[in-house]
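What follows is a single structure, written as structure tokens, with notes after it.
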Amino acid sequence: MKNFIKKISIVLLMLTLAMSLSAKAKKTVTKKVKKNVKVTEQTVQYPKSIVTLSPSAAEILYAIGAGDQIVAVSEFTDYPPEAAEKPVVGGFDGKTLSIETIISFEPDFVYLTEGMHNFLIEPLDSYGIKWYLSNATSITAIEKEIMDLGEITGHQDEAAQVVAQMAEKLPKTTGDSSIKVYYEVWNAPFMSVGSTSFINDVIVNAGGKNIFDDLTDAYPMVSDETIIARAPDVILLPRSNGVTVEDVKARAGWDSIPAVVNDRIYIIDDNMYSRPAPRIADVVLDLSELLNQ
């Protein structure tokens with residue numbers, strides 16, 4: 001009987017010891033696992049449903065490979081061709097835009113433009129919808145915006161490639177900056193481009209001098225007397241305005257302007273010239289050729 005009790009005691013002691021060792025082993029393994037677990041940042045959630053409120057916004061997103069993330073575009077969006085097939089949310093100028101129409105597309109991101117769409121910021125915030133405000137004042141600003149959108153949409157590498165291709169196209173020298181350029185945004189009343197417009201930077205990079213580069217408004221209203229007095233060597237007319245070369249030549253007092261005298265009035269494709277997007281590098285090359293004819 002004593003031997004039996006002794007054997008039982010030894011068995012129980014061994015079981016207790018084994019359980020203790022097992023528990024310690026488990027603890028050790030747990031600690032080891034915890035030590036080796038990497039603490040990673042929260043997975044970035046890229047937008048899947050983007051509403052673009054300008055033609056240039058859609059153009060940038062398509063250029064960097066994010067076109068399939070767009071669910072709706074603004075009026076006049078026509079480049080690339082597939083962008084024109086997207087549903088239209090409203091006009092670029094904001095007059096026909098409403099927050100109700102925008103949210104009907106269930107966006108998780110809205111691409112805005114400074115000066116046009118600031119009124120949408122507060123309601124978008126109230127709905128918890130993220131947004132980006134484009135403010136392209138120069139070619140450098142356009143390049144930065146492309147990089148920003150690459151990071152936001154998960155297309156950083158593609159964005160960097162687009163910017164690199166733009167840099168390759170841009171002239172390394174600006175040529176004769178004494179060529180005075182008048183860019184006519186509108187003619188009733190007359191409106192041109194000031195120093196804070198990216199078009200001013202296009203003119204400079206192409207080798208010209210914007211005759212209204214002393215004005216800080218991006219698109220200032222100007223008088224025809226001032227245009228005549230500043231005697232531009234080249235006049236640029238956006239095609240969509242419908243103004244012809246003959247119309248300009250017929251304007252009272254404009255016959256003394258060097259651009260009129262020397263037949264240096266050019267109709268330009270404002271679908272390219274007026275959009276702060278990757279093709280602006282091609283615009284610089286195009287204008288450089290015009291100025292150096």
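Position 1 is the first residue of the sequence; numbering continues from there.
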Just checking, any donor-acceptor pair under 3.5 angstrom between side chains of Ser56 and Ser54?
-> yes
Mind checking whether Leu285 and Lys169 have side chains closer than 4.5 Å, heavy atoms only?
-> yes
Can you tell me which residue pairs pass the ring-ring contact (aromatic ring centres under 6.0 Å, His included) test with a partner in residues 234-262, sequence neighbours excluded?
-> Phe190-Trp254
Using only heavy-atom distances, determine whether the side chains of Thr226 and Ser223 contain a donor-acceptor pair under 3.5 Å.
-> yes
Determine whether Val73 and Pro87 make a side-chain contact, defined as any pair of heavy atoms from C-beta on separated by less than 4.5 Å.
-> no
In chain order, what residues pass the salt bridge (Lys or Arg N to Asp or Glu O under 4.0 Å) check against Glu59, with sequence neighbours excluded?
-> Arg279
Common cluster, Phe212/Leu236, ILVMFWY with side-chain heavy-atom separation under 4.5 Å = no
Apply side-chain hydrogen bond (donor to acceptor under 3.5 Å, both in side chains) to Asn271 and list each qualifying residue two or more places apart in sequence or on a separate chain.
-> Asp78, Arg275
Identify, with sequence neighbours excluded, every residue that meets side-chain hydrogen bond (donor to acceptor under 3.5 Å, both in side chains) alongside Asp269.
-> none
Side-chain donor/acceptor of Asn292 to backbone N/O of Ser288, under 3.5 Å = yes
Given side-chain hydrogen bond (donor to acceptor under 3.5 Å, both in side chains), test Asn210 with Tyr182 step by step and report yes or no.
-> CA-CA 6 Å; Asn210 173 21; Tyr182 165 59; over 6 Å; no
Of all pairs that satisfy side-chain hydrogen bond (donor to acceptor under 3.5 Å, both in side chains), the ones with a partner from residues 156-166, not counting sequence neighbours | His155-Glu158
Path from Val162 to Ile280 over hydrophobic side-chain contacts below 4.5 Å | yes
Evaluate the side-chain proximity of Pro55 to Tyr79: yes if any heavy-atom separation is below 4.5 Å, no if none is.
-> no
Indicate whether the side chain of Glu151 and that of Tyr46 have a donor and an acceptor atom separated by less than 3.5 Å.
-> no
Can you find a heavy atom in the side chain of Ser74 that is under 4.5 Å from one in the side chain of Val88?
-> no
Is there a side-chain contact (heavy atoms from CB on, under 4.5 Å) between Val234 and Leu290 once you walk through the steps?
-> CA-CA 9 Å; Val234 169; Leu290 288 180; 6.0 Å; no
Residues Asp148, Lys144: salt bridge by 4.0 Å N-O rule = yes
Just jot down the salt bridge (Lys or Arg N to Asp or Glu O under 4.0 Å) partners of Asp213, sequence neighbours excluded, or say none.
-> Lys209
Considering all heavy atoms, the nearest Ile146-Ala159 contact = O-CB, 3.5 Å
Donor-acceptor under 3.5 Å (Asn118 side chain, Gly115 main chain) = yes
Show your reasoning for whether side-chain contact (heavy atoms from CB on, under 4.5 Å) applies to Tyr219 and Ser192.
-> CA-CA 6 Å; Tyr219 302 102; Ser192 190; over 6 Å; no
Taking the side chain from Asn205 and the backbone from Val284, do they hold a donor-acceptor pair closer than 3.5 Å?
-> no
Identify, with sequence neighbours excluded, every residue that meets side-chain hydrogen bond (donor to acceptor under 3.5 Å, both in side chains) alongside Tyr183.
-> none
Donor-acceptor under 3.5 Å (Asp108 side chain, Lys48 main chain) = yes
Please name the pair of heavy atoms, one in Gly90 and one in Thr96, separated by the smallest distance, quoted to 0.1 Å.
-> C-OG1, 3.7 Å
Side chains of Trp186 and Glu184 in contact at under 4.5 Å (non-hydrogen atoms) = no
Check whether any side-chain heavy atom of Arg251 sits under 4.5 Å from a side-chain heavy atom of Val260, and report yes or no.
-> no
Please check if atom CD in Glu82 has more than 12 non-hydrogen atoms from other residues, nucleotides or ligands closer than 6.0 Å.
-> yes
Is there a side-chain contact between Thr77 and Lys86, using heavy atoms and a 4.5 Å cut-off?
-> no
For Asp125, what residues pass the salt bridge (Lys or Arg N to Asp or Glu O under 4.0 Å) criterion, not counting sequence neighbours?
-> none
Residue pairs meeting side-chain hydrogen bond (donor to acceptor under 3.5 Å, both in side chains), one or both in residues 257-267, sequence neighbours left out, come to Lys249-Asp263, Arg264-Tyr266, Tyr266-Gln293
Give a yes-or-no answer on whether the side chains of Glu106 and Ser49 include a donor-acceptor pair shorter than 3.5 Å.
-> no
Which heavy atom of Thr52 sits nearest a heavy atom of Ala58, and at what distance?
-> OG1-CB, 3.8 Å
Check the pair Phe109, Leu149 against side-chain contact (heavy atoms from CB on, under 4.5 Å), reporting the backbone distance first and the verdict last.
-> CA-CA 11 Å; Phe109 185 80; Leu149 269 297; 4.1 Å; yes
Pro232 and Val181 have their tightest heavy-atom pair at CB-C, 4.3 Å
side-chain contact (heavy atoms from CB on, under 4.5 Å) evaluation trace for Val248 with Val245 | CA-CA 5 Å; Val248 174; Val245 172; 5.8 Å; no
Does a side-chain heavy-atom distance below 4.5 Å link Pro189 with Met221?
-> yes
Can you list every side-chain hydrogen bond (donor to acceptor under 3.5 Å, both in side chains) pair that touches residues 228-241, not counting sequence neighbours?
-> Asp214-Arg230, Ser240-Asp270
Listed by chain and number, what are the side-chain hydrogen bond (donor to acceptor under 3.5 Å, both in side chains) partners of Thr137, not counting sequence neighbours?
-> none
Compare every heavy atom of Thr244 with every heavy atom of Leu237, then report the nearest pair and how far apart it is.
-> CD1-O, 4.0 Å
Which residues, ordered by chain and number, are linked to Val89 in its hydrophobic cluster, where ILVMFWY side chains connect at heavy-atom gaps below 4.5 Å, directly or through other members?
-> Val51, Leu53, Val71, Leu97, Ile99, Ile102, Ile103, Phe105, Val110, Leu112, Phe119, Leu120, Ile121, Leu124, Tyr127, Ile129, Trp131, Leu133
